[in-house]
Amino acid sequence: FLSEFIVLKRYFPGRKYMQTIKTAVIGLGVISEVHFDYFKNLEELKLTAVCDINPERVKTAAEKYRVKGYTDYRNMFEQEALDAVLILTDHFSHYPIAMCAFEHNVHVLCEKPITVRSSQAQEMINMAGKKNLVLAVDFCLRSIPHYKKIADIIHHRLGKILRADIIETRYFRTMAYYKSAVWRGTWKGEGGGILMNQAPHILDLIYWWFGQPEKISARLANKHHDIEVEDDVEIFMTYPEDARLRFYSNTWETPAGEYIYIVGEQGILSVNDNEMKFSAFERKIKEIINSPSDSLKDQISHTEKIEKETIPFSSQYEITKNFIDKLLGKTENLLVSGKDAAGSLLMANAAVVSHMQKKEIILKNFHPSEFDQQLEMLTSGKQRLTSRD
Ligand SMILES: NC(=O)c1ccc[n+]([C@@H]2O[C@H](COP(=O)([O-])OP(=O)(O)OC[C@H]3O[C@@H](n4cnc5c(N)ncnc54)[C@H](O)[C@@H]3O)[C@@H](O)[C@H]2O)c1
């Protein structure tokens, strides 16, 4: 199918013919600047049109990038022969825009979260599959080298995972941030608080590293912001054989920090901000426990530092480059597919239901409609976020 839709060949000096992907950007807010910034380094992406419901933003971007501007994405899809679109709008609009793109046979790279409701994420995945189109999601942490190294250690060197603790407080936000756009900090506009906006990045890492847990129990709270949604989240996840993972994050704490501690049967991986290391055990932990000596010495065979590496432009660039490479047939693998993104969304949806209904969720029995009904109660104001205790 790739050869069918990539029809444009342009001549570049010093090269032979090059294929380009005619791409539109929908949503010209904060994150669009990050994306526009690397386009100059991605010459296979040909920016063709921009769209936003805000006419001023359309005018500015259309003039700056010398492309056609639209205030209605439906008109844009009707009038432009696009190969791909970057959807950079607020959360609830990802679903209708992506579905419209697929109807017009346009590939989609969508900002995180893929959408708010798992039920709609599944529809997006099904539609893309039916139309043989690519659906990628900008969970950009997956392109960062040290998170890739951590994934590799978890998947190949730690052995069976016994427990993990992940605390992420790099998401400090002021009230000025929550007031910077009407959709922020509301059930109706954002679909949640930290759990739907910032924490999805870490839930995506958890899903990538460990897969989906069997059970989820969550506590949401609004601790320090004058908003209706949560600014504080703690999720307890249970994996097979009773392996436990605790995840905690908030948007009220500063200075920021990242703390990851993962114990496997063959070693320990720890991240304390910039200090990252993997310590391998001499023997499996069970053998150490059952050894005749009670000495705690020499159980670590060696410790390796995990170094941070720089990436050429930005983590978003890496995701978009991978998307474009996939469309050009240069790679088979998407860094984050729609299916990947839906995996962590289900966990986030289950966490909201767990908190509001004060119960542990068994994920295999969890139906996305339970979240849809819960969200309806919250957006309509029939229910408010209250403490679980
Ligand atoms: N990957 C990351 O690290 C990262 C970082 C920040 C934001 N994001 C995500 O990017 C998305 C946008 O966030 P933002 O901070 O740029 O928001 P923003 O409010 O600054 O910008 C959103 C823009 O979308 C426009 N818009 C809304 N509905 C539209 C529609 N139907 N058609 C066309 N335009 C429409 C708005 O007018 C606005 O200009 C969100 O999903 C957010 O979670 C991702």
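Each ligand, and each atom within it, is numbered from 1 in the order the structure gives.
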Counting N and O atoms only, with roles assigned by atom type, does the side chain of Asp231 sit under 3.5 Å from a partner on the main chain of Lys223, one being a donor and the other an acceptor?
-> yes

More than 12 heavy atoms from other groups under 6.0 Å of CZ on Arg384 = no

Could you note down all residue pairs passing ring-ring contact (aromatic ring centres under 6.0 Å, His included) where residues 165-205 supplies at least one of them, sequence neighbours left out?
-> His91-Trp183, Phe139-His201, Tyr178-His225

State which residues pass salt bridge (charged side-chain N to carboxylate O under 4.0 Å, His left out) with Glu304; sequence neighbours excluded, sorted by chain then number.
-> Arg157

In a simple table, one pair per line, please give the protein and ligand 1 atom names for every N or O pair closer than 3.5 Å, along with the distance.
{"residue": "ligand 1", "atom": "1 (N)", "partner": "Glu111", "partner atom": "OE1", "Å": "3.0"}
{"residue": "ligand 1", "atom": "1 (N)", "partner": "Asp138", "partner atom": "OD2", "Å": "3.3"}
{"residue": "ligand 1", "atom": "3 (O)", "partner": "His201", "partner atom": "NE2", "Å": "3.4"}
{"residue": "ligand 1", "atom": "3 (O)", "partner": "Gln316", "partner atom": "NE2", "Å": "3.3"}
{"residue": "ligand 1", "atom": "15 (O)", "partner": "Arg184", "partner atom": "NH2", "Å": "3.0"}
{"residue": "ligand 1", "atom": "16 (O)", "partner": "Val30", "partner atom": "N", "Å": "3.1"}
{"residue": "ligand 1", "atom": "16 (O)", "partner": "Ile31", "partner atom": "N", "Å": "2.9"}
{"residue": "ligand 1", "atom": "19 (O)", "partner": "Trp183", "partner atom": "NE1", "Å": "2.8"}
{"residue": "ligand 1", "atom": "20 (O)", "partner": "Val30", "partner atom": "N", "Å": "2.9"}
{"residue": "ligand 1", "atom": "34 (N)", "partner": "Ile53", "partner atom": "N", "Å": "3.4"}
{"residue": "ligand 1", "atom": "37 (O)", "partner": "Asp52", "partner atom": "OD1", "Å": "2.6"}
{"residue": "ligand 1", "atom": "39 (O)", "partner": "Asp52", "partner atom": "OD1", "Å": "3.3"}
{"residue": "ligand 1", "atom": "39 (O)", "partner": "Asp52", "partner atom": "OD2", "Å": "2.6"}
{"residue": "ligand 1", "atom": "39 (O)", "partner": "Arg57", "partner atom": "NH1", "Å": "2.6"}
{"residue": "ligand 1", "atom": "41 (O)", "partner": "Thr89", "partner atom": "O", "Å": "3.2"}
{"residue": "ligand 1", "atom": "41 (O)", "partner": "His94", "partner atom": "NE2", "Å": "3.2"}
{"residue": "ligand 1", "atom": "41 (O)", "partner": "Lys112", "partner atom": "O", "Å": "2.9"}
{"residue": "ligand 1", "atom": "43 (O)", "partner": "His91", "partner atom": "NE2", "Å": "3.0"}
{"residue": "ligand 1", "atom": "43 (O)", "partner": "Lys112", "partner atom": "O", "Å": "3.1"}
{"residue": "ligand 1", "atom": "43 (O)", "partner": "Lys112", "partner atom": "NZ", "Å": "2.8"}

Quick one: ring-ring contact (aromatic ring centres under 6.0 Å, His included) pairs with a partner in residues 46-84, sequence neighbours left out?
-> Phe36-Tyr65, Phe77-His104

Give a yes or no on this: more than 12 heavy atoms of other residues, nucleotides or ligands lie within 6.0 Å of atom CG of Asp72.
-> yes

